[in-house]
Q: 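What follows is a single structure, and I will ask about it in a moment.
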Protein chains: 2
Amino acid sequence: MAGRRRVGNLLALAVLSAVVERPMHPYEMASVLRERGKDRDMNIKWGSLYTVVRNLEKHGLIEAVESVRTGGRPERTIYRITDAGREELVDWVRELISTPEREFFRFEAGLSVMVVLAPDEVMELLGRRLSLLEQEIAAARESLAAFSRELSRMLLIEAEFDLAMREAEAAWVRSLLDELTSGSMPDLELWRKFHETGEIPAEVRDMAERSRTGNQK
Amino acid sequence: MAGRRRVGNLLALAVLSAVVERPMHPYEMASVLRERGKDRDMNIKWGSLYTVVRNLEKHGLIEAVESVRTGGRPERTIYRITDAGREELVDWVRELISTPEREFFRFEAGLSVMVVLAPDEVMELLGRRLSLLEQEIAAARESLAAFSRELSRMLLIEAEFDLAMREAEAAWVRSLLDELTSGSMPDLELWRKFHETGEIPAEVRDMAERSRTGNQK
DNA sequence: CATCGTATATTCGCAAGCGAGTACTCGTCA
DNA sequence: TGACGAGTACTCGCTTGCGAATATACGATG
C-alpha cells in the first residue's frame with residue numbers, strides 16, 4: 001500500500017509524531033496517542049502497531065536505542081526517530097495538508113446503487129440517516145465545546161473540520177430528502193414504476209451506457 | 001475486514017449490483033461497472049476482482065452457472081446471483097444509506113499533526129490545497145453539467161453528493177485560512193514561538209494530556 | 001500476410017493488516 | 001495471603017488486497 005510513502009499506514013504517521021518528541025517503546029506510543037485522541041482522527045488499529053514499528057525501523061525512519069527490562073515485565077525496546085524519520089514526518093504532513101485526495105464515502109457507494117430499492121424506502125432510510133447525523137452532530141458540538149474550555153483551538157482543529165463535514169452532509173441529505181418528498185425530483189415516478197413492474201428500465205440504462213467517458217480525474 | 005458483511009470489500013457490492021441484472025462472467029462485470037462509472041464512486045481495484053468473486057461464491061451469494069469457451073479464449077465462468085446474494089445486496093444498500101459511518105479523511109490526520117510545521121508554512125500549504133480544490137470543483141461541476149444533459153439526475157446523485165462535500169471542504173479551508181492570515185486565531189503567536197524556540201510547549205501538551213476522555217462515539 | 005496495438009480474461013505471489021491470543025505484574029480488597 | 005481484575009507488553013497466524021504478469025484473439029495497417 002506504500003505509494004510513495006515507505007510505510008503507508010497512517011498509524012506510522014502517528015508513531016512518528018509521537019517519537020519525534022522523545023524516544024519511546026511501542027506500548028508507550030500507544031498510550032500517548034490514545035491519550036491525545038489520535039485514534040479518533042485516524043483509523044488506528046492497535047493490532048498493527050508492532051508491524052508498523054518494525055517496518056519503520058526496517059526503513060531507517062526510527063531506530064532502537066536500548067532494551068530495558070523493568071521488574072519482571074517483558075523486555076521493552078525503546079525507539080528514537082532518525083533524521084530520515086523527521087524528514088518523512090514533515091514531508092508527509094505537508095502532503096496531507098496541501099494535496100486534496102479523493103475520499104470514497106461509503107454513503108456514496110450506497111447512493112450509487114440506491115435504485116435497487118424502492119424510492120419510498122430510500123426516503124425512509126434517508127430520514128433515519130438524517131436523524132442519526134443530527135444526534136451525532138449535537139454530541140460532537142457539545143464535546144467540542146467542553147474541550148474548548150481547557151484546550152487551545154489549534155489542537156481541536158481536526159474536530160472542527162470533522163464537525164463541519166458532518167453538518168455539510170446533513171444539509172445535503174436534508175435537501176435531497178426535501179426534493180424526494182416534495183416530488184420535485186425528476187423521473188421519480190419512473191423509478192417507482194420499475195419497482196412495481198419489477199425491473200430496470202432499458203431506456204435509462206441505455207442513456208447510462210452511452211455517455212460515460214471523459215470524466216474528471 | 002468483513003465486519004458483519006461476509007465479503008467486506010465494496011467491490012463485492014458493485015459485483016452484486018451487476019449480476020443482479022443478468023448472469024455474467026467476471027470480466028464482463030468489470031466492463032459493465034467501468035462503463036457505469038462505478039469505479040469512480042467506489043475505490044475499486046480490479047486486481048481484487050477474481051478474489052472477491054471467489055469469496056462471493058464461497059459464501060453462496062453468487063453461483064457458477066456454466067463455463068463457456070468462445071473461440072480460443074480462456075474459459076469463462078458465468079455467475080448468477082442467488083437469493084442470499086439478492087438479500088445481501090438489498091440489506092447492504094439499506095445499511096449504507098441509513099447509517100452514517102465515521103469517515104477518516106486523510107486531511108484530518110494531517111491537521112491533527114500540523115503543529116510539527118511552522119504556522120506560516122501551514123498557511124501556504126492550505127492556500128495550495130484551496131486552489132487545487134477549486135480547480136477540481138470547477139472540473140466536477142462542468143462534467144456534471146455535461147452528463148445532466150443526457151442522464152437522469154437520479155443516476156448522478158452520487159456525483160452531486162461528492163461535489164457538495166468538496167465545496168464544503170473548500171469553504172472550511174477558506175475560513176480557516178482567513179482566521180490564520182488575519183491573526184484572529186488564538187494562540188497563533190504561541191505556535192510561532194515554538195518553531196523559533198525549537199520545540200513543543202509543555203504547558204499546552206499538559207492541557208492536552210489532561211482532558212482527553214469521554215468523547216463522542 | 002506479417003506486424004502491432006488493443007481488448008479479452010485470468011493467475012500468481014508477496015506483503016500488509018489486524019483480530020485474537022498470551023503471559024506476566026501489580027495493586028487491592030477481603 | 002491469595003484471588004481477582006485491570007493494566008502492561010507483545011506475538012501469531014490467517015486473510016485480504018492488489019500490482020504485475022501472462023496468454024491468447026482480433027482487427028487494422030502498411
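First the proteins, then the strands, lettered A, B, ... as listed; each starts at 1. It should be emphasised that the depicted structure is a prediction, and the values quoted were computed from it without experimental measurement.
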Q: Give me the residues of residues 45-54 of chain B where at least one heavy atom lies under 4.0 Å from an atom of DNA chain C, by number, or none.
A: B:Y50
Q: Without decimals, in angstroms, what is the distance between B:E28 CD and C:dT10 C1'?
A: 15 Å
Q: Looking at B:N9, does any N or O in its side chain come under 4.0 Å of the phosphate oxygens OP1/OP2 on D:dG17?
A: yes
Q: Look at the side chain of A:R76 and decide which nucleotide, out of D:dT16, C:dA9, D:dC10, has an atom nearest to it.
A: D:dC10
Q: Find the distance B:E35:CD to C:dA7:P and express it as a whole number of Å.
A: 12 Å
Q: May I have the distance from A:I44 (atom CD1) to C:dG19 (atom P), rounded to whole angstrom?
A: 13 Å
Q: Give every residue pair that meets the salt bridge (charged side-chain N to carboxylate O under 4.0 Å, His left out) criterion with at least one member in residues 57-67 of chain A, sequence neighbours excluded.
A: A:E63-A:R80
Q: In whole angstrom, give the distance that lies between atom CE of B:M29 and atom C1' of C:dT8.
A: 15 Å
Q: Test of understanding: with salt bridge (charged side-chain N to carboxylate O under 4.0 Å, His left out), list the residues that count as partners of A:E142, not counting sequence neighbours.
A: none
Q: Nearest-Å distance, CZ (B:R34) to P (C:dA9)?
A: 12 Å
Q: Could you check how far OH of A:Y79 sits from P of D:dA9, rounded to whole Å?
A: 14 Å
Q: Whole Å only: how far is the CG atom of B:L10 from the C1' atom of D:dC18?
A: 16 Å
Q: If you compare every side-chain N and O of B:H25 against the phosphate oxygens of C:dT8 (OP1, OP2), does one of them come in below 4.0 Å?
A: no
Q: Checking contacts here: which listed nucleotide (D:dG7, C:dA9, D:dT16) is nearest the side-chain heavy atoms of A:Y27?
A: D:dG7
Q: Do B:L13 and B:L96 come within less than 4.5 Å of each other through their side chains, counting heavy atoms only?
A: yes
Q: Once side chain to side chain contact (heavy atoms under 4.5 Å, CB included) is applied, do any residues pair with A:R153, and if so which ones, sequence neighbours excluded?
A: A:I157, A:E160, B:E179, B:M185, B:P186
Q: Within this structure, what is the CG-to-P distance between B:L56 and D:dT16, rounded to whole angstrom?
A: 11 Å
Q: State, yes or no, whether a side-chain contact exists between B:R22 and B:E28 at a heavy-atom distance under 4.5 Å.
A: yes
Q: Return the set of residues passing side-chain hydrogen bond (donor to acceptor under 3.5 Å, both in side chains) with B:H25 (not counting sequence neighbours), or none when no residue passes.
A: B:R76
Q: Who are the side chain to side chain contact (heavy atoms under 4.5 Å, CB included) partners of A:E167, not counting sequence neighbours?
A: A:I137, A:R141, A:L163
